Amino acid sequence: MIRLRDVVKSYPLGDRQVTACDIAELDIAAGEQVALVGRSGSGKTTLLHVLAGILRPDHGEVEVVGARLDRLGEAARDRHRGRHIGMVYQTFNLLQPFTALENVLLGALFGRGAGAVARARAETLLRQVGLGDRLHHRPHALSVGQVQRVAICRALVNDPELILMDEPLGNQDRATGEQVLDLLLRLAAEGGKTVVMVTHDPASAARMQRTIDLATLRRSGGVAAEAGR
Ligand SMILES: Nc1ncnc2c1ncn2[C@@H]1O[C@H](COP(=O)(O)OP(=O)(O)OP(=O)(O)O)[C@@H](O)[C@H]1O
Ligand SMILES: [Mg+2]
(Lines give C-alpha, C1' and ligand atoms only; values in the text may rest on other atoms or scores of the structure.)
(Ligands and ions follow the chains in the order given, each with its own letter.)
Protein backbone atom coordinates (compact mmCIF):
# COMPACT_ATOMS: atom_id res chain seq x y z
CA MET A 1 0.00 0.00 0.00
CA ILE A 2 2.85 2.33 0.95
CA ARG A 3 6.47 1.90 -0.07
CA LEU A 4 9.08 4.62 0.38
CA ARG A 5 12.78 4.40 -0.48
CA ASP A 6 15.43 7.04 0.22
CA VAL A 7 12.92 9.85 0.40
CA VAL A 8 14.11 13.36 1.25
CA LYS A 9 11.93 16.45 1.44
CA SER A 10 13.56 19.76 2.29
CA TYR A 11 12.35 23.35 2.42
CA PRO A 12 14.33 26.39 1.31
CA LEU A 13 15.37 28.66 4.19
CA GLY A 14 17.29 31.71 3.02
CA ASP A 15 20.22 30.41 0.99
CA ARG A 16 20.12 26.87 2.34
CA GLN A 17 17.79 23.88 2.48
CA VAL A 18 16.37 22.52 5.73
CA THR A 19 15.64 18.80 5.67
CA ALA A 20 12.15 18.20 7.06
CA CYS A 21 11.75 14.54 6.17
CA ASP A 22 14.43 11.94 5.58
CA ILE A 23 13.38 8.32 5.25
CA ALA A 24 15.48 5.35 4.24
CA GLU A 25 12.67 2.81 4.06
CA LEU A 26 9.01 2.68 4.97
CA ASP A 27 6.61 -0.13 4.12
CA ILE A 28 2.99 -0.26 5.22
CA ALA A 29 0.79 -3.12 4.06
CA ALA A 30 -2.83 -2.82 2.92
CA GLY A 31 -5.18 -2.94 5.88
CA GLU A 32 -2.57 -1.98 8.46
CA GLN A 33 -3.46 0.57 11.12
CA VAL A 34 -0.37 2.57 12.02
CA ALA A 35 0.35 5.27 14.60
CA LEU A 36 3.02 7.73 13.47
CA VAL A 37 4.87 9.34 16.36
CA GLY A 38 7.85 11.64 16.79
CA ARG A 39 8.68 14.90 18.51
CA SER A 40 7.35 18.23 17.30
CA GLY A 41 9.18 19.32 14.16
CA SER A 42 10.40 15.81 13.34
CA GLY A 43 8.57 15.80 10.00
CA LYS A 44 5.31 13.94 10.62
CA THR A 45 3.12 16.42 8.78
CA THR A 46 5.67 16.65 5.97
CA LEU A 47 5.62 12.86 5.61
CA LEU A 48 1.80 12.73 5.51
CA HIS A 49 1.81 15.43 2.81
CA VAL A 50 4.31 13.41 0.78
CA LEU A 51 2.11 10.30 1.18
CA ALA A 52 -0.95 12.31 0.13
CA GLY A 53 0.86 13.71 -2.91
CA ILE A 54 0.49 17.29 -1.70
CA LEU A 55 4.29 17.59 -1.58
CA ARG A 56 6.69 15.97 -3.99
CA PRO A 57 9.97 14.82 -2.44
CA ASP A 58 13.33 16.23 -3.57
CA HIS A 59 14.25 12.67 -4.45
CA GLY A 60 13.36 9.09 -3.64
CA GLU A 61 10.60 6.62 -4.50
CA VAL A 62 7.09 7.15 -3.18
CA GLU A 63 4.58 4.44 -4.03
CA VAL A 64 1.11 4.94 -2.54
CA VAL A 65 -2.06 2.97 -3.46
CA GLY A 66 -0.47 1.69 -6.65
CA ALA A 67 0.92 4.99 -7.96
CA ARG A 68 4.48 6.29 -8.10
CA LEU A 69 3.74 9.76 -6.75
CA ASP A 70 7.33 10.92 -7.25
CA ARG A 71 6.81 10.48 -10.99
CA LEU A 72 3.42 12.21 -11.26
CA GLY A 73 2.72 15.89 -11.80
CA GLU A 74 0.57 17.92 -9.45
CA ALA A 75 -2.74 17.47 -11.28
CA ALA A 76 -2.32 13.69 -11.46
CA ARG A 77 -1.38 13.54 -7.78
CA ASP A 78 -4.47 15.59 -6.91
CA ARG A 79 -6.69 13.21 -8.89
CA HIS A 80 -5.06 10.21 -7.23
CA ARG A 81 -5.64 11.72 -3.79
CA GLY A 82 -9.30 12.49 -4.61
CA ARG A 83 -9.94 8.90 -5.63
CA HIS A 84 -7.95 6.90 -3.12
CA ILE A 85 -6.94 8.93 -0.09
CA GLY A 86 -8.80 10.61 2.76
CA MET A 87 -6.77 13.24 4.57
CA VAL A 88 -7.40 14.94 7.90
CA TYR A 89 -5.15 18.02 8.04
CA GLN A 90 -3.53 19.17 11.25
CA THR A 91 -5.11 22.58 10.64
CA PHE A 92 -8.45 21.04 9.46
CA ASN A 93 -8.71 23.27 6.33
CA LEU A 94 -12.49 23.57 6.28
CA LEU A 95 -13.87 26.20 3.93
CA GLN A 96 -15.47 28.97 5.96
CA PRO A 97 -18.38 29.96 3.66
CA PHE A 98 -19.77 26.42 3.70
CA THR A 99 -21.72 24.48 6.31
CA ALA A 100 -20.50 21.30 7.98
CA LEU A 101 -22.51 19.16 5.56
CA GLU A 102 -21.32 21.15 2.54
CA ASN A 103 -17.69 20.86 3.65
CA VAL A 104 -18.04 17.08 3.81
CA LEU A 105 -19.72 17.08 0.39
CA LEU A 106 -16.87 19.15 -1.05
CA GLY A 107 -14.65 16.18 -0.22
CA ALA A 108 -16.99 14.01 -2.30
CA LEU A 109 -16.90 16.47 -5.18
CA PHE A 110 -13.16 15.85 -5.57
CA GLY A 111 -13.63 12.11 -5.20
CA ARG A 112 -16.59 9.96 -6.15
CA GLY A 113 -19.06 12.74 -6.80
CA ALA A 114 -21.42 14.69 -4.55
CA GLY A 115 -24.76 13.13 -5.52
CA ALA A 116 -27.55 11.77 -3.34
CA VAL A 117 -25.52 8.76 -2.20
CA ALA A 118 -22.67 10.97 -1.02
CA ARG A 119 -25.12 13.29 0.72
CA ALA A 120 -26.67 10.41 2.64
CA ARG A 121 -23.23 9.10 3.58
CA ALA A 122 -22.07 12.57 4.65
CA GLU A 123 -25.11 12.96 6.91
CA THR A 124 -24.64 9.50 8.38
CA LEU A 125 -20.97 10.19 9.13
CA LEU A 126 -21.73 13.53 10.75
CA ARG A 127 -24.40 11.87 12.92
CA GLN A 128 -21.97 9.09 13.84
CA VAL A 129 -19.45 11.61 15.19
CA GLY A 130 -22.16 13.36 17.19
CA LEU A 131 -22.84 16.28 14.84
CA GLY A 132 -26.37 15.36 13.73
CA ASP A 133 -27.63 18.68 15.11
CA ARG A 134 -24.82 20.72 13.52
CA LEU A 135 -25.19 19.82 9.83
CA HIS A 136 -25.98 23.37 8.77
CA HIS A 137 -23.54 25.24 11.00
CA ARG A 138 -20.61 27.02 9.40
CA PRO A 139 -17.13 26.39 10.82
CA HIS A 140 -17.06 29.69 12.76
CA ALA A 141 -20.16 28.51 14.66
CA LEU A 142 -18.58 25.20 15.63
CA SER A 143 -16.17 24.41 18.44
CA VAL A 144 -12.60 23.41 17.51
CA GLY A 145 -13.32 19.78 18.40
CA GLN A 146 -16.46 19.85 16.24
CA VAL A 147 -14.54 21.33 13.29
CA GLN A 148 -12.01 18.52 13.70
CA ARG A 149 -14.81 15.93 13.54
CA VAL A 150 -16.21 17.53 10.37
CA ALA A 151 -12.71 17.23 8.86
CA ILE A 152 -12.70 13.52 9.77
CA CYS A 153 -16.05 13.03 8.03
CA ARG A 154 -14.74 14.82 4.92
CA ALA A 155 -11.79 12.42 4.85
CA LEU A 156 -14.11 9.40 5.07
CA VAL A 157 -16.87 10.44 2.69
CA ASN A 158 -15.24 8.93 -0.42
CA ASP A 159 -14.70 5.61 1.33
CA PRO A 160 -10.94 5.86 0.58
CA GLU A 161 -8.52 2.93 0.65
CA LEU A 162 -5.98 4.99 2.58
CA ILE A 163 -6.78 7.33 5.46
CA LEU A 164 -4.08 9.80 6.55
CA MET A 165 -4.78 11.73 9.74
CA ASP A 166 -2.67 14.42 11.35
CA GLU A 167 -3.54 14.39 15.07
CA PRO A 168 -7.24 14.03 14.29
CA LEU A 169 -8.30 13.80 17.94
CA GLY A 170 -6.12 16.55 19.41
CA ASN A 171 -9.06 18.75 20.41
CA GLN A 172 -11.50 16.14 21.70
CA ASP A 173 -12.32 15.33 25.29
CA ARG A 174 -11.27 11.79 26.13
CA ALA A 175 -14.74 10.21 25.82
CA THR A 176 -15.49 11.85 22.46
CA GLY A 177 -11.98 11.07 21.19
CA GLU A 178 -12.42 7.41 22.09
CA GLN A 179 -15.82 7.26 20.40
CA VAL A 180 -14.48 8.82 17.19
CA LEU A 181 -11.41 6.57 17.20
CA ASP A 182 -13.67 3.53 17.74
CA LEU A 183 -15.74 4.59 14.73
CA LEU A 184 -12.66 5.23 12.58
CA LEU A 185 -11.07 1.91 13.40
CA ARG A 186 -14.34 0.02 12.93
CA LEU A 187 -14.98 1.58 9.51
CA ALA A 188 -11.35 0.93 8.57
CA ALA A 189 -11.46 -2.71 9.66
CA GLU A 190 -14.80 -3.35 7.89
CA GLY A 191 -13.51 -1.83 4.68
CA GLY A 192 -9.98 -3.28 4.90
CA LYS A 193 -8.63 0.26 4.87
CA THR A 194 -5.12 1.35 5.67
CA VAL A 195 -4.81 4.03 8.35
CA VAL A 196 -1.81 6.21 9.19
CA MET A 197 -2.53 8.42 12.17
CA VAL A 198 -0.15 10.97 13.65
CA THR A 199 -0.66 11.18 17.39
CA HIS A 200 1.07 12.46 20.51
CA ASP A 201 -1.30 10.46 22.69
CA PRO A 202 0.13 7.10 23.84
CA ALA A 203 -3.37 5.73 24.54
CA SER A 204 -4.46 6.41 20.93
CA ALA A 205 -1.20 4.99 19.57
CA ALA A 206 -1.78 1.83 21.62
CA ARG A 207 -5.09 1.26 19.83
CA MET A 208 -3.30 0.92 16.48
CA GLN A 209 -1.69 -2.30 15.27
CA ARG A 210 1.74 -0.79 14.90
CA THR A 211 3.61 2.34 15.97
CA ILE A 212 6.27 3.93 13.80
CA ASP A 213 8.61 6.48 15.35
CA LEU A 214 9.84 8.82 12.65
CA ALA A 215 13.24 9.06 14.33
CA THR A 216 13.88 5.37 13.50
CA LEU A 217 13.31 5.85 9.76
CA ARG A 218 16.06 8.37 9.06
CA ARG A 219 18.92 7.66 6.75
CA SER A 220 21.30 9.80 8.79
CA GLY A 221 21.32 11.42 12.23
CA GLY A 222 23.26 14.49 11.10
CA VAL A 223 20.76 15.77 8.58
CA ALA A 224 17.88 14.93 10.88
CA ALA A 225 19.29 17.09 13.64
CA GLU A 226 18.47 20.12 11.50
CA ALA A 227 14.83 19.19 11.26
CA GLY A 228 13.97 20.37 14.75
CA ARG A 229 15.40 23.86 14.38
N1 LIG B 1 6.83 25.43 4.54
C2 LIG B 1 7.94 25.24 5.26
N3 LIG B 1 9.06 25.97 5.03
C4 LIG B 1 10.19 25.77 5.75
N5 LIG B 1 10.31 24.86 6.72
C6 LIG B 1 9.25 24.11 7.01
C7 LIG B 1 8.00 24.25 6.31
N8 LIG B 1 7.12 23.35 6.82
C9 LIG B 1 7.78 22.69 7.80
N10 LIG B 1 9.06 23.13 7.91
C11 LIG B 1 10.06 22.61 8.87
O12 LIG B 1 10.16 21.21 8.68
C13 LIG B 1 10.25 20.53 9.92
C14 LIG B 1 9.20 19.45 10.00
O15 LIG B 1 7.91 20.07 10.07
P16 LIG B 1 6.57 19.21 10.25
O17 LIG B 1 5.45 20.18 10.21
O18 LIG B 1 6.57 18.11 9.26
O19 LIG B 1 6.78 18.62 11.74
P20 LIG B 1 5.79 17.75 12.66
O21 LIG B 1 6.52 16.51 13.06
O22 LIG B 1 4.49 17.58 11.97
O23 LIG B 1 5.61 18.69 13.95
P24 LIG B 1 4.33 18.87 14.94
O25 LIG B 1 4.31 17.67 15.85
O26 LIG B 1 4.67 20.12 15.69
O27 LIG B 1 3.11 19.01 14.11
C28 LIG B 1 10.14 21.60 11.00
O29 LIG B 1 11.42 21.83 11.55
C30 LIG B 1 9.63 22.83 10.30
O31 LIG B 1 10.18 24.00 10.83
MG1 LIG C 1 2.62 18.28 12.34
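Everything quoted here is computed from the prediction, not taken from an experiment. Just so you know, ligand 1 is whichever comes first in the structure, and atom 1 is the first atom listed for that ligand.
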- prompt: Among side-chain atoms of D173 and T176, is any donor-acceptor pair under 3.5 angstrom?
  reply: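 Side chains of D173 and T176: pair found under 3.5 Å.
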
Worksheet item: So, is G38 polar-close to ligand 1, with some N/O to N/O distance under 3.5 Å?
Response: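 By distance alone, the answer is no.
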
Could you tell me whether some N/O pair between P12 and ligand 1 is separated by less than 3.5 angstrom?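 By distance alone, the answer is no.
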
Please list every donor-acceptor pair under 3.5 Å in which a side-chain atom of residues 50-60 meets a protein atom from a residue at least two apart or in another chain.
unit_1 : atom_1 : unit_2 : atom_2 : d
R56    : NH1    : L72    : O      : 2.8
D58    : OD1    : S10    : N      : 3.4
D58    : OD2    : S10    : N      : 3.1
D58    : OD2    : S10    : OG     : 2.5
H59    : ND1    : D6     : O      : 3.3

Nearest 0.5 angstrom please: [X] [atom1] to [Y] [atom2], how far?
{"X": "T45", "Y": "Y89", "atom1": "OG1", "atom2": "OH", "value": "11.5 Å"}
{"X": "R218", "Y": "S42", "atom1": "CZ", "atom2": "OG", "value": "6.0 Å"}
{"X": "I23", "Y": "L47", "atom1": "CD1", "atom2": "CG", "value": "4.0 Å"}

Check: Around the Mg ion (ligand 2), what protein N, O or S atoms are found below 2.8 Å?
Finding: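 Correct list: T45 OG1, Q90 OE1.
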
Suppose I only count heavy atoms of [X] and a 4.0 Å limit; which atoms of ligand 1 are within that range?
{"X": "Q90", "result": "27 (O)"}
{"X": "T46", "result": "14 (C), 15 (O), 16 (P), 18 (O)"}
{"X": "H200", "result": "25 (O)"}
{"X": "R39", "result": "21 (O)"}

I'd like a table of donor-acceptor pairs (distance under 3.5 Å, sequence neighbours excluded) in which one partner is a side-chain atom from residues 130-139, with atom names and distances.
unit_1 : atom_1 : unit_2 : atom_2 : d
R138   : NE     : P97    : O      : 2.9

Inset, instruction - Treating Ile, Leu, Val, Met, Phe, Trp and Tyr as nodes and any side-chain heavy-atom pair under 4.5 angstrom as an edge, say whether M208 and I152 lie in one connected cluster. - result: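 Yes; I152 is reachable from M208 via cluster members.
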
Heavy atoms of other groups near E74 CD, more than 12 under 6.0 Å:
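For E74, atom CD is not crowded (no more than 12 foreign heavy atoms under 6.0 Å).
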
| request: Name all residues meeting the salt bridge (Lys or Arg N to Asp or Glu O under 4.0 Å) criterion together with R121; count only those two or more places apart in sequence or in a different chain, and write none if there are none. | output: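 Testing R121 for salt bridge (Lys or Arg N to Asp or Glu O under 4.0 Å), a comparison that skips the adjacent residues, returns D159.
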
